Amino acid sequence: MRPHVGAEVTVVPTDDDPYILQFQRFAIVSRRTDHGAYVRLSATYPPGREFGPIPDSRLLFGWRDPSGAWRRW
C-alpha cells in the first residue's frame with residue numbers, strides 16, 4: 001500500500017539524501033508522482049521545502065513503531 005498525500009511517514013534515510021533527512025525523518029507526504037512520493041518536513045528553511053521523489057520502499061507509515069515508541073535508527 002502506498003502512502004497517500006497527507007500521510008504521516010518516517011523516511012528511511014540513505015547516504016545520498018539531503019543532510020536534513022539524516023536527522024529529521026518524520027514527514028508528511030505532499031504529493032505523488034510515478035517516481036515516488038515527495039515529502040515536507042516540519043522545520044526547514046525555506047519553509048515548505050519538498051524532498052523527493054522518495055521510493056515507497058523507503059517510507060514507513062506513521063512516526064511511531066507498532067509498540068507506540070517513536071521510530072529510531
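As the structure is a computational prediction, the values presented were derived from the model and not from experiment.
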| message | Is there a side chain to side chain contact (heavy atoms under 4.5 Å, CB included) between Arg49 and Leu41? Walk through the geometry before answering. | response | CA-CA 7 Å; Arg49 183 174 169 206; Leu41 306 177; over 6 Å; no
| field | Phe51 and Val11: CA distance, side-chain angles, deciding distance, side chain to side chain contact (heavy atoms under 4.5 Å, CB included) verdict | value | CA-CA 10 Å; Phe51 296 89; Val11 178; over 6 Å; no
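Considering every non-hydrogen atom in both Ile28 and Trp63, the closest pair reads CD1-CZ2, 3.8 Å. Nearest heavy atom pair, residue Ala37 against residue Arg32, reads CB-NH1, 3.5 Å. Residue Ala27 comes nearest to Val39 through the heavy atom pair CB-CB, 3.7 Å, listed as atom of the first residue, atom of the second, then distance. The minimum heavy-atom distance linking Pro53 with His35 is given by the pair CB-O, 3.8 Å.
The line from CG of Leu21 to CG of Asp16 is 11.5 Å long, rounded to the nearest 0.5 Å. Between Leu60 atom CG and Glu8 atom CD the span is 13.5 Å, to the nearest 0.5 Å.
Between the side chain of Arg40 and the main chain of Pro47, no donor-acceptor pair closer than 3.5 Å is present. Judged by distance alone, with hydrogens and angles left aside, the side-chain atoms of Gln22 form a donor-acceptor pair with the main-chain N or O of Thr14 at under 3.5 Å. In this structure, the side chain of Arg31 does not engage the main chain of Tyr38 through any donor-acceptor pair within 3.5 Å. A donor-acceptor pair is defined here as one N or O able to donate and one able to accept, closer than 3.5 Å; such a pair exists between the side chain of Arg58 and the backbone of Val12.
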